[in-house]
Amino acid sequence: MPELPEVETVRDGLARHVVGARVVDVEVLRDYSVRRHEGGPAGFRDELLGQRLGAAVRRGKFLWLPLEPAAGSVDGPAAALLAHLGMSGQLLVRSGVALADRSPHLRVRVVLEHDDRTAYGAQALDFVDQRTFGHLSVQDLVPTPDGAPGGLGSDLAAVPAPVAHIGRDLLDPSLRRDDVVDAIRRRRTGVKRALLDQTVVSGVGNIYADEALWRARLHYARATDTLRRPEAHRLLDAAAEVMTEALAQGGTSFDALYVNVNGQSGYFSRSLAVYGQEGEPCPRCGTLVRRDEFMNRSSYTCPRCQPRPRNGRW
DNA sequence: CAGTAGACCTGATCGC
DNA sequence: TGCGATCAGGTCTACT
């Protein structure tokens with residue numbers, strides 16, 4: 001569910017509210033939500049207890065908090081608390097009376113304490129996830145191949161191991177757009193598939209893929225190996241632009257399922273041109289937006305601005 | 001190797 | 001009211 005702008009909104013909230021805090025308790029209410037942690041729920045808890053959260057970092061839709069071991073503890077390799085929100089995950093920061101709020105879909109609660117207890121008091125980082133496609137785990141950090149920072153929010157040239165295969169995203173200053181253009185044009189598939197492939201470029205999901213394609217006037221089934229360089233650049237520019245605009249509005253949410261760390265929804269859904277707009281007029285030409293089944297999900301296009309390519313193989 | 005369908009979950013909504 | 005089918009913003013794995 002959450003794509004880059006939504007995850008970045010959450011990262012920013014974590015950077016403001018929980019960075020610097022120390023883990024004093026961990027409650028795993030649903031084992032499946034920590035399935036990616038090697039040592040299971042008990043190991044997950046053990047590895048977090050006493051650790052300090054050092055930063056809030058994001059690459060694409062992956063989010064992590066590097067751990068600073070407590071003074072005097074025996075430290076292994078550098079590690080981080082890794083989160084992926086999947087389709088319905090939320091990270092909510094609760095403190096004071098709100099600590100009593102327990103969502104029915106609360107899967108993991110990480111209880112935190114700040115050094116300056118007079119200012120913060122007890123605090124919890126709640127992982128709430130209806131569909132449970134999201135997950136939390138503690139992961140070793142591995143070096144990035146290019147030596148550049150692993151993601152937005154840190155200058156560490158390292159990423160959690162499960163993020164090593166994820167490409168940089170369009171808000172990453174170290175991303176080289178020319179390389180992404182080449183990678184897209186080298187593939188033999190439809191352009192939307194390439195845009196959604198997180199190893200090519202990360203952070204783009206179904207909403208922003210459709211919005212970017214509409215802005216770039218490209219059909220989702222356009223074969224990548226027929227794309228001209230300027231067309232591919234136009235697409236990446238459009239994707240970066242639409243995600244930046246969405247971020248400025250706190251992200252896209254259709255309901256209370258996607259919220260920031262304070263439980264508030266973003267407003268970008270009002271600005272969507274085609275996604276979810278079947279039967280509504282295209283904001284550019286007035287032609288009615290159509291919905292197609294594609295990759296077992298939906299794709300929305302303006303049939304006039306984005307005509308299906310005649311030689312499209314999909 | 002690259003590309004693609006299916007699996008993994010829960011809940012809301014719609015038509016009968 | 002109940003039941004089944006369908007839909008939802010993602011990613012990993014196991015095929016071809």
Side-chain angles (χ1 to χ4, degrees), chain A residues 1-10 29-37 58-63 82-91 103-108 127-137 139 160-167 169 183-213 220-221 223-225 239 242-243 246-247 249-260 265-272 274-278 291-300 313-314:
Chain A
M1 154 210 202
E3 304 181 35
L4 186 151
E6 293 73 39
V7 181
E8 174 58 19
T9 301
V10 172
L29 295 102
R30 177 71 70 106
D31 289 359
Y32 190 70
S33 294
V34 296
R35 63 192 175 283
R36 301 253 278 169
H37 186 88
R58 182 190 57 72
R59 179 188 280 211
K61 304 168 200 170
F62 284 84
L63 186 59
L82 176 66
H84 195 291
L85 303 179
M87 293 283 264
S88 55
Q90 309 173 350
L91 283 168
S103 153
H105 302 121
L106 178 62
R107 309 305 188 194
V108 179
F127 181 62
V128 173
D129 189 14
Q130 181 207 105
R131 289 181 72 184
T132 71
F133 284 170
H135 46 84
L136 299 185
S137 60
Q139 300 285 344
V163 181
H165 71 289
I166 300 295
D169 62 64
I184 290 174
R185 295 176 73 241
R186 249 183 277 123
R187 310 206 64 193
R188 316 190 104 255
T189 184
V191 68
K192 183 172 175 181
R193 287 193 129 97
L195 195 58
L196 289 176
D197 184 337
Q198 305 294 300
T199 66
V200 172
V201 63
S202 65
V204 182
N206 207 32
I207 295 180
Y208 298 112
D210 279 3
E211 293 297 308
L213 288 163
Y220 59 82
T224 46
D225 52 5
V242 68
M243 292 195 294
L247 180 56
Q249 295 181 52
T252 299
S253 82
F254 306 118
D255 49 38
L257 218 48
Y258 167 69
V259 292
N260 67 12
S265 293
Y267 290 98
F268 195 69
S269 61
R270 301 170 192 182
S271 313
L272 296 174
V274 287
Y275 186 85
Q277 308 301 310
E278 183 178 17
R291 169 184 179 274
D292 296 325
E293 278 195 18
F294 179 68
M295 293 173 74
N296 283 325
R297 52 217 316 207
S298 298
S299 278
Y300 298 88
R313 291 187 290 267
W314 291 265

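In this text the structure is predicted, and so the values were computed from the model without any measurement. In what follows, every chain begins at residue 1, and chains take the letters A, B, ... in the order their sequences are listed.
Among C/dG9, C/dC7, C/dA8, the nucleotide with an atom closest to any side-chain atom of A/S298 is C/dA8. Out of C/dT11, B/dA5, B/dG3, the shortest distance to the side chain of A/R187 is found at B/dG3.
At whole-Å resolution of the value, CD in A/Q198 and C1' in C/dG10 are 8 Å apart. Straight-line distance from the CG atom of A/N296 to the P atom of B/dC8: 15 Å, rounded to whole Å. The interatomic distance linking A/L195 (CG) with C/dG9 (C1') rounds to 15 Å, in whole Å. Across the protein-nucleic acid pair, A/L196 atom CG and C/dG10 atom C1' stand 10 Å apart, rounded to whole Å. Rounded to whole angstrom, the span from the CD atom of A/Q90 across to the P atom of C/dG10 amounts to 15 Å. Atom pair A/E6:CD and C/dA8:C1' shows a separation of 14 Å (rounding to whole Å applied). Here B/dT4 presents its C1' atom at 15 Å from CZ of A/R188, a figure rounded to the nearest Å. Atom CD in A/E211 sits about 13 Å away from atom P in C/dG9, given to the nearest Å.
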Q | Dot-bracket encoding of pairs in DNA chain B, which uses [ ] for pseudoknotted crossings and | for another strand, Watson-Crick or G-U under 3.5 angstrom | A | .|||||||.|||||||

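With P as the reference atom, B/dC9 and C/dA14 are 15 Å apart, rounded to whole Å. The separation of C/dA5 from B/dA7, taken at their P atoms, amounts to 16 Å, rounded to a whole angstrom. For the P atoms, the distance from B/dG6 to C/dT6 is 15 Å, rounded to whole Å.
Under 4.0 angstrom from either OP1 or OP2 of C/dG10 there lies no side-chain N or O belonging to A/H84. For C/dG10, the OP1/OP2 oxygens have a side-chain nitrogen or oxygen of A/R297 closer than 4.0 Å. Look at A/T189 and you'll find a side-chain N or O under 4.0 angstrom from OP1 or OP2 of B/dT4.
At the heavy-atom level, A/R36 lies under 4.0 Å from the strands shown only through sugar-phosphate atoms. Nucleic acid contact for A/H165: sugar-phosphate only, since backbone atoms but no base atoms lie under 4.0 Å from a heavy atom of the residue.
Listed here is the closest heavy atom pair of A/G89 and A/D129: N-OD1, 3.2 Å. Taking every heavy atom of both residues into account, A/L195 and A/V204 meet most closely at O-CB, 3.7 Å. When all heavy atoms are compared, the tightest approach of A/V34 to A/V108 is CG1-CG2, 4.1 Å.
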Q: Run the numbers on A/L272 and A/Y300 for side chain to side chain contact (heavy atoms under 4.5 Å, CB included), then give the verdict.
A: CA-CA 11 Å; A/L272 296 174; A/Y300 298 88; over 6 Å; no

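The pair A/D169-A/K61 does not meet the salt-bridge criterion, since no charged nitrogen lies less than 4.0 angstrom from a carboxylate oxygen.
The nearest heavy atom of DNA chain C to A/E293 and to A/V204 marks one nucleotide each, and the one closer to the 5' end goes with A/E293.
No side-chain donor-acceptor contact under 3.5 Å links A/R35 to the backbone of A/S137.
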Could you list the protein-to-nucleotides 9-11 of chain B atom pairs, N/O on both sides, closer than 3.5 Å?
unit_1: B/dC9; atom_1: O2; unit_2: A/R131; atom_2: O; d: 3.1
unit_1: B/dC9; atom_1: O2; unit_2: A/R131; atom_2: NE; d: 3.3
unit_1: B/dC9; atom_1: N3; unit_2: A/R131; atom_2: NH2; d: 3.3
unit_1: B/dT10; atom_1: OP1; unit_2: A/R30; atom_2: NH1; d: 2.9
unit_1: B/dT10; atom_1: O4'; unit_2: A/Q130; atom_2: O; d: 3.4
unit_1: B/dT10; atom_1: O2; unit_2: A/Q130; atom_2: OE1; d: 3.1
unit_1: B/dG11; atom_1: OP1; unit_2: A/H105; atom_2: NE2; d: 3.2
unit_1: B/dG11; atom_1: O4'; unit_2: A/Q130; atom_2: OE1; d: 3.2

